[in-house]
Amino acid sequence: MQRTMTTPGTLVELDEERAGSVASDVQSSLAGDRLIVVANTLPVRGERRADGRGWSFAWDEDSLLLEVLYVGSLRADVPPAEQDDVAQALLERFRCVPAFLPKDLCDRFYHGFCKHGGRFDRSQWEAYVLANKLFSQRVIEVLNPEDDYVWELYRSLPVRDEILKSLLNCDLIGFHTFDYARHFLSCCSRMLGIEYQSKRGYIGLDYFGRTVGIKIMPVGINMTQLQSLLQHPDLERQVAELRNQFNRKTVLLGVDDMDIFKGIDLKILAFEQMLKTHTKWQGRAVLVQIANPKGGSSKDLEELQAEIKESCQRINDQFGRPGYSPVVVINRTLSSIERMAYYTIAECVVVSAVRDGMNLTPYEYIVCRQGLAGFDDSGDNRPRGKSMLVVSEFIGCSPSLSGAIRVNPWNTDSTAEAMNECIALSDNEKQLRHEKHYRYVSSHDVSYWSKSFIHDFERSCRDHFRRKCWGVGLGFGFRVVALDRNFKKLTVDSIVEDYKKSKSRVILLDYDGTLVPQTTMNKTPNETVVSMMNTLCADKKNVVFIVSGRGRDSLEKWFYPCPELGIAAEHGYFMRWNRDEQWQIQNQTSEFGWMHMAEPVMKLYTEATDGSYIETKESALVWHHQDADPGFGSSQAKEMLDHLESVLANEPVSVKSGQHIVEVKPQAVSKGFVAEKILSTLMEKGRQADFVLCIGDDRSDEDMFEKIADIMKRSMVDPQTSLYACTVGQKPSKAIYYLDDANDVLNMLEALADASEEDGSGSPEETSGLSTPEQE
Ligand SMILES: O=P(O)(O)OC[C@H]1O[C@H](O[C@H]2O[C@H](CO)[C@@H](O)[C@H](O)[C@H]2O)[C@H](O)[C@@H](O)[C@@H]1O
């Protein structure tokens, strides 16, 4: 996040000095453009020295190493007294900034919250929040908001609102697969009502004035690192030992962390099934399962381990013989070289996780099976390696491995068949599949992935230098908001002051979402609103209008007790200056043949979208989807908007979406024209306005804000006019002011009502007069 200023509560601008005051000693020693990677664990392994004095650290060769500054936790329990020294050493030697998480917190946040598939546990969620807080404190210590890019690597996203909204403070959010991104986008739509747009191949979500980029790119492995391990002198020896141990048997291999999502139990059952149905493999095939212990304990994990043990016992009893154990489970963490030796001898790797992030096991396997041989000299550029994969369709690497056999791991029979097919295929077929995979894995490695991300990252942040971002709120309420430089909260004192000074005022008020909250079921204005309208209207300096998309019947009924109130209904198709006046009809629109074209289209969508309905107004048709399934309703609305636009392309209408509605209305009708009409009528009567207040919450109100700004330029109002164009809710708008909600609007109007004079006082020449042009 660049150029972001953070402050609790409402919008208050921080000056550059204060914003930069988070700079620490660490930061000043690492000045310049930097990328900070925040991840659960640092790519460093730490061990207490044998003599017990101090610590030794080394890069973790299983991690993805990038030339960046890392912030993350350390996989070692460092006592508080030693933490400062360890932090200093890690920063100087590894560019790593450790967040020291107490072991108990680590267990609850990672093994508990992130890895537990059962019921929601609030204390684990609190641990997750606390752990993230500790991470963020470390990030803040080293962050230079003007120069740094922060890249956060999340491993799981199991909680809804808070995590979703916090994530949307980012500029770019990456996913390994389209499938994961699709779920995320659907959550944004269903929970927050935000729809994505796709422009030139890039997906973006508009949120609080910013565009949050969505990137889909699976991570790769570190080819350089793996290839150097392939040259390790121990590898050849270890491969030879394993070949000897498995003595020409066909090895199927599983390499997984021991946790409840990896489907190790399902894999073993499928292997048993394969031995039963394809008996030729009895005595010839071995399943080697490396189960890397990850620490942590739970009832689920204990049950799983007991089940695995029991299955292995059963299979080995039934199919084993001297010198042959069909299932071998290795319950320890292997060194990288040992693991590579197993990959090298395996005919097939089986990944049967029921859920996983990316899972790079198949990628490592493919590279090991290629070995250092490169391409042979037969001239056809064909690698000599053979590799076969059975992969769960629920893991991130699955879509990239087009030569693998994809399975639903819950389906034991089909996984068993896939295992058989993999090992039984011809060598030629195995080579072709391997070739395809190797080309992909070797070209889409981690450096390709990180370059692509950094490129998109820079593109997403490019705009920041032109716009102003603000940090608003605290904790989970924190949002990054990009707004126009002049956008500010409307303060009651300043508007009241201008109100009192002015002599001819125009007050234009939208209805839904402005005078009544969008969430209220009963839309009738309450007594306070009615009485406030009357007080404002009683001041002869005021012209007050309700400017709404609603039909004239309801507005007329609701505001019957307000005889002096002007009403513009159906976005101004109908207008009257007070209750005694006849409705004026926007006379440029008399052709409504388009309704016969629009209605059947809306009917189609209504039939297909449970909870939706059509509202037929005198000049417009509205399709409502507020009561439909949120995700489905908004996707149908999008589709309908396109559909109507193409059907009505040659008609004089506009098709617009609003708060859970899609509306078709005459082109010549808009709230902007209403504003223009009122102000020009007053000007013609020599009562140019010198105070204009215009408030609204949705897109149709933006027409008013735009038109009023234009009117100011065209001198239709007094050059000294106090112009208050105000949107409801902090969001990008053509208005210069905002109020937070309908409550704020009512408080502000109440202050204006209090400052009003019942008969407008002043001398007659000073008043604008409320009589309509017609009455005069
Ligand atoms: O211009 P406004 O005063 O903001 O009115 C705009 C629309 O208001 C009505 O729709 C709204 O209320 C409906 C419930 O009464 C709700 O279902 C919908 O989502 C809201 O947008 C009215 O029915 C529309 O014709 C107006 O255009």
Side-chain angles (χ1 to χ4, degrees), residues 117 177 179 246 249-291 300-301 303-321 324-330 342 346-356 359 361-362 365-366 386-427 429-430 432-434 437:
T177 67
D179 206 34
F246 292 105
K249 302 276 183 302
T250 299
V251 174
L252 294 98
L253 177 69
V255 181
D256 301 280
D257 287 344
M258 174 52 88
D259 76 41
I260 56 169
F261 299 109
K262 295 296 190 296
I264 299 176
D265 48 341
L266 300 173
K267 192 185 310 183
I268 293 172
L269 291 181
F271 182 69
E272 180 180 28
Q273 180 68 10
M274 185 193 82
L275 292 181
K276 282 183 187 161
T277 45
H278 298 279
T279 49
K280 64 178 178 208
W281 295 117
Q282 293 175 14
R284 290 174 57 206
V286 179
L287 172 67
V288 178
Q289 176 62 53
I290 295 162
D300 292 346
L301 192 62
E303 279 172 13
L304 175 74
Q305 283 168 320
E307 192 188 326
I308 290 172
K309 200 169 168 196
E310 196 188 309
S311 300
C312 292
Q313 186 79 52
R314 185 180 62 244
I315 299 169
N316 288 341
D317 285 351
Q318 190 179 351
F319 302 104
R321 55 188 80 151
Y324 171 62
S325 293
V327 187
V328 177
V329 177
I330 301 170
Y342 274 101
E347 196 64 13
C348 168
V349 154
V350 186
V351 186
S352 53
V354 293
R355 223 348 141 198
D356 211 344
N359 200 321
T361 293
Y365 165 62
I366 290 159
K386 290 182 289 167
S387 59
M388 284 306 300
L389 289 158
V390 175
V391 295
S392 158
E393 62 190 66
F394 305 126
I395 65 174
C397 65
S398 165
S400 318
L401 297 169
S402 52
I405 300 186
R406 299 191 185 105
V407 292
N408 170 357
W410 297 104
N411 187 334
T412 308
D413 288 348
S414 72
T415 309
E417 286 310 304
M419 286 177 173
N420 169 59
E421 192 184 337
C422 267
I423 50 180
L425 276 175
S426 70
D427 279 358
E429 183 66 24
K430 288 179 183 172
L432 286 171
R433 287 177 189 241
H434 170 79
H437 286 158

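For clarity, every value in this text was computed on a predicted model and none was experimentally measured.
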### Task
Answer yes or no: is there a side-chain heavy-atom contact under 4.5 Å between Val255 and Tyr342?
no
### Task
Classify the side-chain pair Asn359/Asp356 by whether it contains a donor and acceptor separated by less than 3.5 Å.
yes
### Task
Decide yes or no on salt bridge (Lys or Arg N to Asp or Glu O under 4.0 Å) for Asp259 and Lys262, but give the supporting numbers first.
CA-CA 6 Å; Asp259 76 41; Lys262 295 296 190 296; 3.2 Å; yes
### Summary
What one should report as the nearest heavy-atom pair of Gln282 and Phe319 is NE2-CE2, 3.3 Å
### Candidate pair Ile405 and Glu417, rule side-chain contact (heavy atoms from CB on, under 4.5 Å), full reasoning
CA-CA 10 Å; Ile405 300 186; Glu417 286 310 304; over 6 Å; no
#### Entry: Closest contact, heavy atoms only, Ala416 versus Ala270
CB-O, 3.3 Å
### Query
Are the side chain of Gln289 and the backbone of Val329 linked by a donor-acceptor contact shorter than 3.5 Å?
no
### Message
For Gln318 and Leu275: C-alpha separation, side-chain torsions, deciding distance, then whether side-chain contact (heavy atoms from CB on, under 4.5 Å) applies.
### Response
CA-CA 10 Å; Gln318 190 179 351; Leu275 292 181; over 6 Å; no
### Task
Taking Arg433 for its side chain and Ser387 for its backbone only, find out whether a donor-acceptor pair lies under 3.5 Å.
no
### Task
Answer yes or no: is there a side-chain heavy-atom contact under 4.5 Å between Phe394 and Trp410?
yes
## Note on the structure
Between the CD1 atom in Ile264 and the CG atom in Asp256, the distance rounded to the nearest 0.5 Å is 4.5 Å
### Task
Working to the nearest 0.5 Å, report the span between OG1 of Thr277 and CE of Met419.
11.0 Å
### Summary
Closest non-hydrogen atoms of Pro409 and Thr415, given as atom of the first, atom of the second and distance, are CA-OG1, 3.9 Å
### Heavy-atom closest pair, residues His434 and Ile366
CE1-O, 3.3 Å
#### Entry: 4.5 Å side-chain heavy-atom contact, Gln273 and Leu269
no
### Query
Is the side chain of Arg314 donor-acceptor paired with the backbone N or O of Glu272 at a distance under 3.5 Å, no angle test?
no
### Query
Roughly how far apart are Ile308 CD1 and Glu303 CD, rounded to 0.5 Å?
12.0 Å
### Query
Heavy atoms, side chains only, cut-off 4.5 Å: are Leu253 and Ile290 in contact?
yes
### Query
Should Glu393 and Val407 be marked as a side-chain contact (heavy atoms from CB on, under 4.5 Å) after you check the CA-CA gap, both sets of side-chain angles, and the distance that decides it?
CA-CA 6 Å; Glu393 62 190 66; Val407 292; 6.0 Å; no
### Summary
Of all heavy-atom pairs linking Gly396 and Thr177, the shortest is O-CG2, 3.0 Å
### Summary
Note: Lys280 and Ala424 closest approach over all heavy atoms is NZ-CB, 4.4 Å
### Message
Contact between Leu287 and Pro326 at the side-chain level, heavy atoms closer than 4.5 Å - yes or no?
### Response
no
### Query
For the side chain of Ser325 and the backbone of Val327, is there at least one donor-acceptor N/O pair under 3.5 Å apart?
no
### Query
Nearest 0.5 Å, what's the CG-CE distance between Asn420 and Met274?
6.5 Å
### Query
Should Lys386 and Glu347 be marked as a side-chain contact (heavy atoms from CB on, under 4.5 Å) after you check the CA-CA gap, both sets of side-chain angles, and the distance that decides it?
CA-CA 8 Å; Lys386 290 182 289 167; Glu347 196 64 13; 3.7 Å; yes
### Message
Looking at Thr250 and Ala285, would you say the former's side chain and the latter's main chain have a donor-acceptor pair under 3.5 Å?
### Response
no
### Task
Answer yes or no: is there a donor N or O on one side and an acceptor on the other, between the side chain of Ser392 and the main chain of Val354, under 3.5 Å?
no
### Summary
dist Thr412:OG1 -> Phe271:CZ (nearest 0.5 Å) comes out at 14.0 Å
### Query
Going from CG on Leu252 to SG on Cys348, what distance comes out if it is rounded to the nearest 0.5 angstrom?
4.5 Å
### Summary
Result for side chain to side chain contact (heavy atoms under 4.5 Å, CB included) between Val351 and one of Val390, Leu401, Ile395 points to Ile395
### Lys430 side chain vs Ile423 backbone, donor-acceptor pair below 3.5 Å
yes
